[in-house]
Structures are given as structure tokens and as C-alpha cells.
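Heads up: the structure comes next, in C-alpha cells.
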Amino acid sequence: MIMNVLILGSGGREHAFAWRMRISKHLNNLFIAPGNAGTAMLGTNIPISPTDFQALKSFCLNNDVDMIVVGPEVPLVRGVYDFFRDDEDICHIAVIGPSQEGAQLEGSKDFAKGFMSRHNIPTAQYKTIKLGNIEDGNRFLESLQPPYVLKADGLAAGKGVLIINDINEAKRLLWEMLNGMFGVASNKVVIEEFLKGIECSVFVLTDGKSYKILPVAKDYKRIGEGDTGLNTGGMGAVSPVSFVDAEFMEKVERQIVLPTVNGIRKEKIDYKGFIFLGLINVDGEPKVIEYNVRMGDPETEVVLPLVKSDLLDLFIGVFTETLESKTLEIDDRFAATVMMVSGGYPGNYEKGKVISGIKQIKDSIVFHAGTLLNDDNVVTSGGRVLAVTSYGQTMNDALENSYKNIEKISFENSYYRRDIGFDLR
Ligand code: AMP
Ligand code: GLY
């Protein structure tokens with residue numbers, strides 16, 4: 001089968017998808033909406049927003065697109081899968097991603113917690129609060145030990161989780177959230193027990209019946225070394241993860257992956273895409289911190305380089321519900337990625353800085369995250385700019401390689417963390 005494929009999104013994750021698909025025996029034309037300077041080297045960027053479904057429909061019909069691979073969560077939560085499935089002109093186009101109902105696993109923390117409790121999936125104790133029962137919320141907070149975890153129910157661009165030490169501050173912020181601190185996203189707030197442990201990300205590809213587990217990754221979200229300072233979209237990642245051994249993975253599969261996929265099937269949720277399990281290891285026991293319904297970024301920039309199987313072949317298996325018959329072949333090396341960001345990020349930063357040195361890199365893969373082509377120059381166009389990924393026989397070898405190469409790249413005011421993987425050494 002030879003296909004024309006459209007990727008939705010514009011970050012390092014989407015560049016990594018494009019890079020992996022480029023070598024697929026099933027690929028004919030590759031389009032990326034809207035893409036970046038990196039994806040432009042592998043396919044054709046098209047200036048359409050991933051949430052403009054009508055424009056996507058016209059483009060797909062005019063260009064004989066056979067498959068859409070959805071990078072970010074917003075189009076999924078807004079129902080891009082359903083939009084294509086329910087229109088007879090375009091229902092032949094395979095959309096890799098869950099239906100709007102399935103996307104609630106990420107789009108509503110309350111839905112996700114309810115799902116986990118229906119299927120006995122280990123996670124933090126919780127209570128969902130609306131303005132009408134704020135008193136129950138205050139009482140629940142008093143029953144917990146600090147710190148207190150407050151989560152906006154809806155999507156809040158990664159900013160909707162507050163972790164607070166003081167009980168009175170927690171009560172005040174609960175009130176603020178319910179009164180519009182994150183807009184409608186915090187009309188409902190999930191209060192959670194705080195879990196202590198080390199986190200990792202497990203990615204599952206499912207056709208709604210069977211599944212494949214991809215390599216485990218760990219990302220580094222804070223801007224500062226030693227995991228300090230503000231949260232970012234992610235400053236680096238490694239895969240696999242040293243503390244995730246066979247015993248832990250067996251628990252993840254039995255206690256979390258299986259009941260999640262079975263739950264999706266039992267609840268008749270249409271789900272043909274990725275499940276991203278944000279896990280925490282609490283004294284050797286895995287618990288779910290969050291579900292996402294897409295791949296992670298920058299985790300994709302280390303996970304996909306380790307997937308040796310033809311990615312489009314796996315996606316064909318997903319759409320035709322024959323994933324079980326496909327084999328997933330994994331590279332036995334390590335992969336690491338280090339993110340180069342604009343000075344000032346995640347606060348204010350300047351864009352349009354000319355980037356030099358990328359072409360000199362031979363033994364790392366430079367994934368573009370926030371770049372644009374300006375005449376013949378690659379310029380910065382976002383906070384996270386480039387993800388430099390390397391392989392190694394050990395995690396340290398992979399990291400060393402990325403650090404050696406990142407030094408060859410420059411743009412004004414660039415910054416990167418020098419300690420990715422520090423806690424796993
Ligand atoms: P989320 O947006 O759900 O990924 O939450 C953001 C971050 O907050 C997570 O990556 C965790 O580091 C932290 N977090 C969320 N929920 C909890 C919890 N129940 N206990 C401890 N940390 C948490
Ligand atoms: N790296 C975390 C995420 O993609 O949400």
C-alpha cells in the first residue's frame with residue numbers, strides 16, 4: 001500500500017514523525033500542517049491550522065491524502081477524528097488518534113480519574129469539585145497531607161496543575177481556580193493526593209483492541225539544572241530509563257496498560273492512536289499521574305529513533321485493527337535528546353534569530369521544534385528551538401554525543417540544560 005500522509009503539528013515531535021515516515025515503504029507524498037523548517041526538508045509544509053477542519057478536508061480531497069497523523073492534543077480534543085469518520089466524503093481517510101470521546105482521557109482530568117476508578121487502575125486518591133461543592137473540596141483538602149495538588153479539569157496548555165504546601169493557600173487557589181483562574185478549563189477542579197516518586201512516560205499504540213508498548217522515556221520539564229525553576233514544554237529526554245526494569249514493566253502492563261485498553265474496549269470508545277501514560281514509581285509500584293492521548297514532546301524525539309519497524313506499517317495496523325499481527329522491533333541502544341531553547345524561555349523571548357551550524361552535525365539528529373525558513377536562513381520561531389538527539393551504547397554515551405554536537409550549533413541567546421539524565425546516572 002502506498003499512501004499520501006498528512007501530519008498535523010509543528011514541533012520536534014512532528015519532525016520526528018516525518019523523519020521516521022520518510023523511510024517507510026508505504027510513503028508516497030508527505031505533508032505537514034503547518035510544519036517547521038525541519039519538516040520542510042522531508043515533505044511539503046502547508047499553511048493550515050491543525051484545528052481548521054474544513055480547510056483540512058479540502059486539502060485532503062485535493063491532494064488524495066490517505067492518512068492523517070495527529071501530533072498535538074487540541075485537534076483531538078476538538079474532534080478531528082470524528083469530523084473525518086462522520087463525513088462520507090472523507091471517512092476513507094485514516095486518522096491516527098482517538099475519537100473526541102477517547103480524547104477526554106487528556107481533555108478532562110475528571111473523566112480520566114473516573115475511567116481509572118471504573119477500571120481499578122492505580123492512581124492518586126481524588127475528588128472533583130465544582131463551585132457548588134467547594135466546601136467538600138475544603139474538607140477533602142483538610143483530610144490530605146501537604147503538599148496539595150489542584151488540577152484544572154480541562155486543557156490549560158500544560159499550566160493547569162498547582163502544587164501547594166500551605167493548606168490556606170490551597171483553599172484560596174481552589175476558590176480562584178473555580179472562579180476562572182484558567183477560564184472554563186477550571187470550572188471543575190480535581191484535588192489529588194500528592195504522590196512521591198520518580199516519573200517516567202510509557203507510550204502505547206493501540207487499535208482499540210490490541211496494543212504495542214513503545215520504549216519508556218523520561219523527560220526533564222524544568223528550565224533549570226537539577227530540576228529547578230519554571231516548567232517548560234520539556235528540556236530533554238532519554239530512553240530507555242534505568243529504573244524501569246522488567247519487574248516494573250510487568251506491573252505497568254498488567255495493572256495499567258491492559259486495564260486501560262480493555263476499559264476503552266468495554267466502554268466502546270473509538271480509539272486508534274497513542275496512549276501516553278504519565279507514571280510515577282511509588283516504592284516500586286507504578287501509578288498513573290495523567291493520561292495524554294498523543295505522543296510526548298520531547299519524548300518522541302528519543303522514542304521514535306528506537307523504533308526500527310516501519311512506522312506507517314504499524315499505523316496501517318492501527319487503522320485496519322490488525323495491529324496484533326504486526327511486529328514491533330526496537331533498537332537495543334539508548335537515545336537521548338537535549339533541547340536548545342531561546343534565552344528567556346519559558347518567559348518572554350525574542351524570535352527570528354538566525355541559527356548556524358546545523359549542517360555540520362553528522363552523528364546526531366537535529367529535530368526542529370520552533371524554527372522557520374526565512375529566505376535561505378533557518379531562524380528561531382519559538383521558545384523550544386531544536387532537539388539534538390543521539391544514540392549510544394549507554395545513556396551517558398548518547399548524552400555525550402548530543403552535548404558534543406549541540407556546541408556546534410549557535411544562535412543569539414541560546415540556552416540548554418547541561419544535566420539531562422542527571423538523576424538516572
Ligand atoms: P500533569 O499536567 O497532570 O502532568 O501534572 C504536571 C506535573 O505535576 C506532573 O508531571 C507531576 O510532576 C506533578 N503531579 C501531578 N499530579 C501529581 C500528584 N498526584 N502527585 C505528585 N505530583 C503530581
Ligand atoms: N513531555 C510531556 C508532554 O508532551 O506532555
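Numbering of ligands and ligand atoms starts at 1, following listing order.
- Closer than 4.0 angstrom to ligand 1 lie heavy atoms from K109, A124, V149, K151, V161, I163, E192, E193, F194, L195, E199, K221, I289, E290.
- Separation of the F31 and F59 ring centroids falls under the 6.0 Å cut-off.
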Note down each nitrogen or oxygen pair, ligand 2 side and protein side, whose separation is under 3.5 Å; give only atom names and the distance to 0.1 Å.
residue, atom, partner, partner atom, Å
ligand 2, 1 (N), D219, OD2, 2.8
ligand 2, 1 (N), D297, O, 3.0
ligand 2, 1 (N), E299, OE1, 2.7
ligand 2, 1 (N), E299, OE2, 3.3
ligand 2, 4 (O), R294, NH1, 3.0
ligand 2, 4 (O), D297, N, 2.9
ligand 2, 5 (O), R294, NH1, 3.4
ligand 2, 5 (O), R294, NH2, 2.9

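- Taking the side chain to side chain contact (heavy atoms under 4.5 Å, CB included) definition, one finds that V77 meets it with A103, L155, sequence neighbours left out.
- Sparse packing is recorded around NZ of K127, with 12 or fewer heavy atoms of other residues, nucleotides or ligands lying under 6.0 Å away.
- For the pair K351 and Y349, the cation-pi test (distance below 6.0 Å, angle within 45°) is failed.
- At least one cation-pi condition fails for R294 and F274: the charged atom is not both under 6.0 angstrom from the six-membered ring centre and inside a 45 degree cone around its axis.
- Ion pair D110/K113 not flagged as a salt bridge, since none of the NZ, NE, NH1 or NH2 atoms sits closer than 4.0 Å to an Asp/Glu carboxylate oxygen.
- In this structure, W19 and F367 have perpendicular ring planes: the angle between them is above 60°, well past the 30° mark.
- No salt bridge links K151 with D153; every basic N to acidic carboxylate O contact stays at or beyond 4.0 Å.
- Listed by chain and residue number, F115 satisfy the ring pair (Phe, Tyr, Trp, His ring centres under 6.0 Å) test with H119 (two or more places apart in sequence, or in another chain).
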